[in-house]
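One structure below.
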Amino acid sequence: MASDPSTQSRVMFQAQDKTEEPAHRKLGKLTVKYNRKDLQRRLDIEEWIDGQLHLLFDCEEEEIPELEIDIDELLELPDEGQRTRLQELLQECGKPKEDFINGLLYRIKGLRKMSGPLKK
């Protein structure tokens, strides 16, 4: 069933009256809220944690026990609380874990908490 092109309906798009910010400006806000160096440092720490957990549990990723090390949670705790929390999380690990705990505590020094609302 062919129709004549001159009788077909046309779809028209109208521009909104509201002026939107360009995408590059929104990206700028993101980098103000989360400094790129901080994000990269956090990513490096998370990759280090992942690698160390493989060594500590001496197994493939699928075999590592359900374990979540929340950097922001650790940053809210005092120094000794951080150490205690990590020891609790790693209690199932049979290998010595002090080097991992010391290494992680050293790496998170100076990091800022990222989750939650920003104070203005």
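In terms of heavy atoms, L90 sits closest to L67 at CD2-CD2, 3.8 Å. Scanning both residues, L56 and C93, for their nearest heavy atoms gives O-SG, 3.6 Å.
Counting only residues at least two apart or in different chains, salt bridge (Lys or Arg N to Asp or Glu O under 4.0 Å) contacts with residues 96-107 comprise R83-E98.
Atom CD1 of I71 sits about 5.0 Å away from atom CZ of R42, to the nearest 0.5 Å. Atom CZ of residue F57 and atom CD of residue E92 lie 6.5 Å apart, to the nearest 0.5 angstrom. Note that the CG atom of D50 and the CD1 atom of I45 stand 14.0 Å from one another [nearest 0.5 Å]. Interatomic distance, CG of L75 versus CD1 of I108, reported as 5.0 Å (0.5 Å rounding). The structure places CD1 of I49 at 4.5 Å from CG of L104, a figure rounded to the nearest 0.5 Å. Expressed to the nearest 0.5 Å, how far CG of L43 lies from CG of D38 amounts to 12.5 Å.
In this structure the side chain of T84 never reaches within 4.5 angstrom of the side chain of L77, judged on heavy atoms. Counting heavy atoms from C-beta on, the side chains of L111 and D72 never come closer than 4.5 Å. No side-chain heavy atom of D79 sits less than 4.5 Å from a side-chain heavy atom of L105.
Partners of E88 by salt bridge (Lys or Arg N to Asp or Glu O under 4.0 Å), not counting sequence neighbours, listed by chain and number: R85. Q52 is linked by a side chain to side chain contact (heavy atoms under 4.5 Å, CB included) to W48, L55, F100, counting only residues two or more places apart in sequence or in another chain. Evaluation of the side-chain hydrogen bond (donor to acceptor under 3.5 Å, both in side chains) rule for Q40 yields D44 as partners, not counting sequence neighbours.
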